[in-house]
Each structure stands twice: as structure tokens, then as C-alpha cells.
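What follows is one structure encoded as C-alpha cells, with my remarks underneath.
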Amino acid sequence: MTRGEPDSRPSEARTRLLTTATRIFYAHGIHSVGVDRIIAEAKVTRATFYRHFASKDDLILAYLREVHGVNRGAVETAIAANPSPADSLLAIARSIAQNIQSPGFRGCAFLNAAAEYPDTDHPVHQEIIAHRQWFLDTLTRLMAQIREETADDAARHFVMLRDGAMAAGCLYDPALVSETFLRGIEGLLRVGTSPRTT
């Protein structure tokens with residue numbers, strides 16, 4: 001930052017509020033967590049909270065955007081490290097599998113939020129849809145580089161396998177779920193890259 005330019009970095013208090021909300025929302029759900037708890041655990045005043053977030057909904061949107069940023073960063077890293085589209089897709093799948101096996105895993109933050117915000121007109125629901133559309137579009141572009149005519153279906157199958165694995169990872173052995181998910185993606189890619197028969 002040069003002299004005279006405004007500091008665009010988020011304030012320490014905002015960062016602490018968002019970090020606290022991200023941890024609690026993911027672990028305990030959104031509706032069950034009140035603003036008072038977030039304020040208390042973030043160790044800020046109520047006035048400080050409302051200086052940064054006009055409402056709890058604003059904080060929820062910031063939380064989902066934060067998670068989106070983390071997910072997008074992982075996907076972009078996988079793509080950058082793997083010039084082959086098939087290798088990129090496998091790297092994305094491995095990143096998902098690692099997440100499923102991580103301590104404190106509670107499923108997909110966006111699917112969890114969707115269960116709490118089913119109203120399609122609600123800004124939180126729309127934020128969820130935007131994230132999922134970005135993920136589907138990203139997979140579709142990669143699949144199109146393998147076989148354009150099947151890209152839409154293949155990308156949707158990847159998303160469904162991912163969603164199932166994220167749910168199953170909360171119920172069953174995460175290592176087994178991750179292995180099953182990866183085998184499913186490998187099979188999907190084998191079908192996508194195999195020569196067409198006439």
C-alpha cells in the first residue's frame with residue numbers, strides 16, 4: 001500500500017467475527033447459533049458487530065463467500081498444477097476426498113445451509129446456488145476438453161458423486177467413503193476418455 005491510499009484490508013475485528021462465525025456455523029448449524037454467541041466468542045462488542053454486519057443474514061452471506069473462496073482456491077490450485085483436464089478433475093476429487101477425512105468434517109457447508117434456507121428467493125439460498133453453479137460450470141469446462149458432447153452429463157454426475165460422498169462422509173467411515181468416491185470419479189473419467197464405438 002502506498003502513502004495516501006486507503007487500507008482495503010478487513011479490520012481485525014471483522015476477521016475475528018467471520019472466523020468465529022465460520023467455525024460455529026459449520027459445526028453447529030446456522031439457525032441454532034445466535035448473534036450473541038458469535039459476539040461473545042469473537043470477543044467484540046455488539047456495536048462492533050453491527051458496524052461490520054448489518055444483520056445476521058449479512059454475516060451468513062459473508063460466511064458462505066468465505067467458504068466459497070476456500071473451495072475455489074483448492075479447485076484453482078488443482079487445475080494450475082495439472083495441465084491435463086483429466087488430471088485436474090482427479091486432483092479436484094482428491095482434494096474433496098481429503099476434506100471428507102479432515103478432523104471436524106460436517107459435510108458440505110452449502111448443502112447444510114440449503115437445508116436451513118429452502119426458500120429459493122432468500123439471498124442465502126441464492127448464494128448457495130451461485131456457488132454450485134460455479135462448481136458445475138468449472139467441471140463442465142474441464143469435461144468438455146475431454147469430450148464435449150458428454151460434458152454436461154459427466155459434470156452433473158461428478159457433482160452428484162461429490163454430494164453423495166459429502167453426505168456419506170458424516171455417516172460412515174470417511175476413509176472408505178473417500179476411496180469409493182475416488183473410484184467413482186476414476187470410472188467416470190474412463191468412460192469419458194474411452195474411444196466411442198459405432
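Partners of Asp173 by side chain to side chain donor-acceptor pair (under 3.5 Å), not counting sequence neighbours: none found. Annotation: side chain to side chain donor-acceptor pair (under 3.5 Å) contacts of Asn82 (sequence neighbours excluded): none. Residues satisfying the side-chain contact (heavy atoms from CB on, under 4.5 Å) criterion with Arg37, sequence neighbours excluded, are Ile24, His28, Val33, Glu41.
Hydrophobic cluster membership is shared by Trp134 and Leu89, with clusters built from Ile, Leu, Val, Met, Phe, Trp and Tyr side chains linked at under 4.5 angstrom.
Side-chain contact between Leu182 and Arg94 is present, with heavy atoms from C-beta onward closer than 4.5 Å. Between Ile60 and Glu127 there is no side-chain heavy-atom pair separated by less than 4.5 Å. Within the 4.5 Å cutoff, no side-chain heavy atoms of His131 are placed close to those of Leu64. In this structure the side chain of Ile38 reaches within 4.5 angstrom of the side chain of Phe25, judged on heavy atoms. Side-chain contact check for Leu59 versus Leu18: some heavy-atom pair is nearer than 4.5 Å. When side chains are defined from C-beta on, Leu61 counts as touching Pro123, because their heavy atoms get closer than 4.5 Å. The closest side-chain heavy-atom distance from Phe135 to Ile92 is below 4.5 Å. Contact of the Asp119 side chain with the His125 side chain is not registered, since no non-hydrogen atoms from C-beta on lie closer than 4.5 Å.
Side chains of Glu116 and Asn112: no donor on one and acceptor on the other come within 3.5 Å.
No side-chain donor-acceptor contact under 3.5 Å links Lys43 to the backbone of Arg16. A distance-only check finds no donor-acceptor pair linking the side chain of Ser102 to the backbone of Phe105 [under 3.5 Å].
Classified by interplanar angle (parallel below 30°, tilted 30° to 60°, perpendicular above 60°), the ring pair Tyr117/His31 is tilted. The aromatic rings of Phe53 and Phe49 are tilted relative to each other, their planes meeting at an angle between 30° and 60°.
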Original post:
Can you list the steps and then say if Val159 with Arg162 is a side chain to side chain contact (heavy atoms under 4.5 Å, CB included)?
Top reply: CA-CA 5 Å; Val159 172; Arg162 179 261 184 199; 5.5 Å; no

**OP:** Could you walk me through whether Val67 and Tyr26 pass the side chain to side chain contact (heavy atoms under 4.5 Å, CB included) test, one step at a time?
**Re:** CA-CA 10 Å; Val67 177; Tyr26 184 68; over 6 Å; no

**OP:** Decide yes or no on side chain to side chain contact (heavy atoms under 4.5 Å, CB included) for Thr138 and Arg72, but give the supporting numbers first.
**Re:** CA-CA 10 Å; Thr138 301; Arg72 183 167 189 150; over 6 Å; no

**OP:** Show your working on side chain to side chain contact (heavy atoms under 4.5 Å, CB included) between Ile146 and Leu142 and close with a plain yes or no.
**Re:** CA-CA 7 Å; Ile146 298 172; Leu142 290 169; over 6 Å; no

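For Leu189 against Ala86, the heavy-atom pair with the smallest separation is CD1-O, 3.8 Å. Heavy-atom minimum distance, Ala74 versus Ser95: CB-OG, 3.8 Å. Among all heavy-atom pairs drawn from Ser88 and Ala78, the shortest one is OG-O, 4.1 Å. Taking all atoms of both residues into account, the shortest heavy-atom contact from Pro118 to Ala115 is CD-O, 4.1 Å. Nearest approach of Tyr63 to Ala109, heavy atoms of both residues: OH-CB, 3.5 Å. Of all the heavy atoms in Gln101 and Pro174, the pair that sits closest is CG-O, 3.8 Å.
Distance check, rounded to the nearest 0.5 Å: CG of Leu136 to CG of Asp152 gives 7.5 Å. Rounding to the nearest 0.5 angstrom, the gap separating the CD1 atom in Ile100 from the CG atom in Leu176 is 11.0 Å. Annotation: the span from Ile79 atom CD1 to Asp87 atom CG amounts to 12.0 Å, rounded to 0.5 Å. Of the inter-residue distances, the one linking Ser11 atom OG with Leu17 atom CG reads 8.0 Å to the nearest 0.5 angstrom. Annotation: the span from Ile185 atom CD1 to Leu90 atom CG amounts to 8.5 Å, rounded to 0.5 Å. Distance OG1/Thr19 to CD/Glu12: 9.0 Å, rounded to 0.5 Å.
When the shell of 6.0 Å around OH of Tyr172 is examined, it contains 12 or fewer heavy atoms from other residues, nucleotides or ligands.
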